[in-house]
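One structure is given here, and the rest of the page talks about it.
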2 protein chains.
Amino acid sequence: MPTKNTLTDFIQPTLTGPSARLVASLSMAIHENKLLPGTKLGEDELGDIFKVSRTVVRTALQELSHAELVELKRNRGAFVSQPTVREAREVFEARALLEPRTARSAAERMTEEAAARLEAHIAAEHAAIEAGEAGKALRLSGHFHIEISRIADQTTIAGFIERLVARSSLIIALYWKRQSALCEKHAHHALVDALRRGDGADAEELMKSHLLDILTALDLREVVQPPIDLKDILRPAP
Amino acid sequence: MPTKNTLTDFIQPTLTGPSARLVASLSMAIHENKLLPGTKLGEDELGDIFKVSRTVVRTALQELSHAELVELKRNRGAFVSQPTVREAREVFEARALLEPRTARSAAERMTEEAAARLEAHIAAEHAAIEAGEAGKALRLSGHFHIEISRIADQTTIAGFIERLVARSSLIIALYWKRQSALCEKHAHHALVDALRRGDGADAEELMKSHLLDILTALDLREVVQPPIDLKDILRPAP
DNA sequence: GGGTCTAAGATTGTATACAATACTGTGCGC
DNA sequence: GCGCACAGTATTGTATACAATCTTAGACCC
């Protein structure tokens, strides 16, 4: 089953044990835009749901806060992150800096097995869209980028890209234009083609324009700035 | 006091409160090569030293593990990370990808105040060397790179660079050639000059060659591979 | 009605206690 | 002497209890 996406696909195994399950579930929910930015994640609440103590909930939330999927506010709790317009731009600038070059490296290190995996991945994306599972499709399309970075065999950079893709899910949840359709199928197909041909220059170009496409499908006018909690600003310095 | 480097200089304020102090202290010690790679960081031990409970020690260690300064091994404890030769190469490849471009951006956003801060920083480095405080000099020279990335005003990328610089300290602790002297003064001075002139192209070039200089001062032959704990490999899958 | 203060409730932060797992050294068999 | 098994010790993982802080609702005053 090459396309089976288990819960652990989105987390680096820095922590094993009970908290990993929590991290994975929450991660997945956020990637699929089921948990929307701003949602409060209460410790007792999560503990009840997952039948674990607050200790492990806390561990999981801390983990997620380092992935910048969750924001911890002292004495106030954990909330699904709400990237600002500025942060959204930064994330895509960083992706534009890292991913095209990484795609080029991937093209040079491509194997038949990797190509097959990517194609299976695209098929899964397609299937999710057909089935009307938009959230799952979104998550898979992000994961496609992660797979490419893994082929490039640069763990460190792949880790950065993973973080950026994760935040991109939140950004899309907040700023995606209603009218623009998520039609990444062609872009992803073209990328796999270039990779399979070992054409690094082409892959680099394709990735660059693909990222630009995503960015232009976002509505990053300052107007839609997510709500700001005045208490965060007016609070006296600690 | 523009050059005052408080404890909190190296940590992102994701967590405040008691654990932040611990994170800062340990961070600093690692950056100064006082805590060497492989050192075990026992929870009780740290709790006794800092007069806090194991709960906050654990929080701090988890924080450090996400910065990849510390490695958590389940049921075995926390250890100062020992980057492998491969990881060392990756870190510098990532830095080569991010920092030159960032230096260019910094040149474009340079202010007089920022230039003064950088120069004061170099002076502090110099003073540390004069005083024979090699560890402090090492930490400051790493922090110089972080300062530049902050001037570029790209928080996300600056965060990545911060992580990379942190790991570089460990890499230097493990792989620095005895014979090659740490003479970054000229390179840093030249960089500040280029930045002050707003010469982005020059800054980019200087940063590129500066990073290459550091890399070539490392002894990354596979021979010096740090010790490996066989138990990590032979342990049956969980 | 609007605003401020206060007190109760809810939620998070920290410490401690107990459980689970890994490490260490001793004794036994060979 | 060498290797292995086992028990005791030490250390980490998890749950729970208590303290500190924030949030909310309502009374009271203007």
Side-chain angles (χ1 to χ4, degrees), chain A residues 11 13-26 35 38-66 69-81 227-238, chain B residues 11 13-26 35 38-66 69-81 227-238:
Chain A
I11 60 160
T14 53
L15 279 187
T16 57
S19 68
R21 197 169 51 95
L22 241 161
V23 170
S25 299
L26 291 173
L35 279 173
T39 308
K40 162 124 198 211
L41 303 171
E43 298 183 356
D44 277 325
E45 189 185 359
L46 290 173
D48 288 346
I49 294 172
F50 288 91
K51 305 295 177 199
V52 288
S53 81
R54 274 180 56 222
T55 309
V56 351
V57 172
R58 263 166 160 289
T59 305
L61 289 175
Q62 205 193 330
E63 189 100 0
L64 289 166
S65 92
H66 286 292
L69 290 177
V70 156
E71 196 178 345
L72 295 181
K73 303 186 184 179
R74 187 173 177 84
N75 287 320
R76 312 253 319 274
F79 304 81
V80 178
S81 291
I228 291 175
D229 192 339
L230 279 181
K231 296 201 182 90
D232 293 335
I233 298 161
L234 303 175
R235 192 175 304 278
Chain B
I11 60 159
T14 52
L15 281 188
T16 56
S19 67
R21 199 169 49 94
L22 241 160
V23 170
S25 299
L26 290 174
L35 278 174
T39 309
K40 161 123 199 213
L41 303 171
E43 297 183 356
D44 277 325
E45 189 186 359
L46 290 173
D48 288 347
I49 293 171
F50 288 91
K51 305 293 177 203
V52 288
S53 82
R54 276 180 53 221
T55 308
V56 349
V57 173
R58 261 164 159 293
T59 305
L61 289 176
Q62 205 193 330
E63 190 100 0
L64 289 166
S65 92
H66 286 292
L69 289 177
V70 155
E71 195 179 344
L72 295 181
K73 304 186 184 179
R74 188 172 176 83
N75 287 320
R76 310 252 323 272
F79 304 82
V80 178
S81 290
I228 291 173
D229 192 340
L230 280 181
K231 297 202 185 87
D232 293 336
I233 299 162
L234 302 176
R235 192 176 305 277

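Numbers restart at 1 for each chain; the letters A, B, ... are given by sequence-line order, proteins then strands.
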* Within residues 38-49 of chain B or reaching into it, pairs that qualify as salt bridge (charged side-chain N to carboxylate O under 4.0 Å, His left out) - sequence neighbours excluded -> B/Glu43-B/Arg54, B/Glu43-B/Arg58

* How long is the span from the NE2 atom in A/His66 to the OG atom in B/Ser65, to the nearest 0.5 Å? -> 7.5 Å

* To do: Whole angstrom is fine here: how far is it from CG in A/Asn75 over to P in D/dA19?
  => 16 Å

* Answer yes or no: does a side-chain N or O of B/Arg76 lie under 4.0 Å from OP1 or OP2 of D/dT11? => no

* Asked: How many Å lie between CG on B/Leu41 and P on D/dT11, as a whole number?
  -> 13 Å

* To do: Rounded off to whole Å, could you give me the CG-to-P distance for the B/Leu46 and D/dA10 pair?
  => 18 Å

Name the pairs: protein N/O against N/O of nucleotides 15-17 of chain C, kept only if under 3.5 Å.
residue : atom : partner : partner atom : Å
C/dA15  : OP2  : B/Ser53 : N            : 3.1
C/dA15  : OP2  : B/Ser53 : OG           : 2.8
C/dA15  : N7   : B/Thr55 : OG1          : 2.7

* Answer yes or no: does a side-chain N or O of A/Arg74 lie under 4.0 Å from OP1 or OP2 of C/dT14? => yes

* When the distance from CD of B/Glu45 to C1' of D/dT12 is rounded to whole Å, what number comes out? -> 14 Å

* Distance (rounded to the nearest 0.5 Å) between A/Leu26 CG and A/Leu69 CG -> 9.5 Å

* Structure fact -> Heavy atoms of A/Val52 and A/Val56 approach each other most closely as CG2-CG2, 3.6 Å

* Length of the line joining A/Glu43:CD and D/dA20:C1', which is rounded to integer Å -> 14 Å

* **Separation of D/dT11 P from B/Leu72 CG (nearest whole Å)** => 17 Å

* Rounded to the nearest angstrom, tell me the gap between atom CZ in B/Phe50 and atom P in C/dT14. => 15 Å

* Asked: Quick one: A/Asp44 CG to C/dT12 P, roughly how many Å, whole number?
  -> 7 Å

* To do: Search all heavy atoms of A/Ser19 against all heavy atoms of A/Ala60 and return the closest pair with its distance.
  => O-CB, 3.9 Å

* To do: Quick one: pull up CG in A/Leu64 and CG in A/Leu72 and give me the separation to the nearest 0.5 Å.
  => 9.0 Å

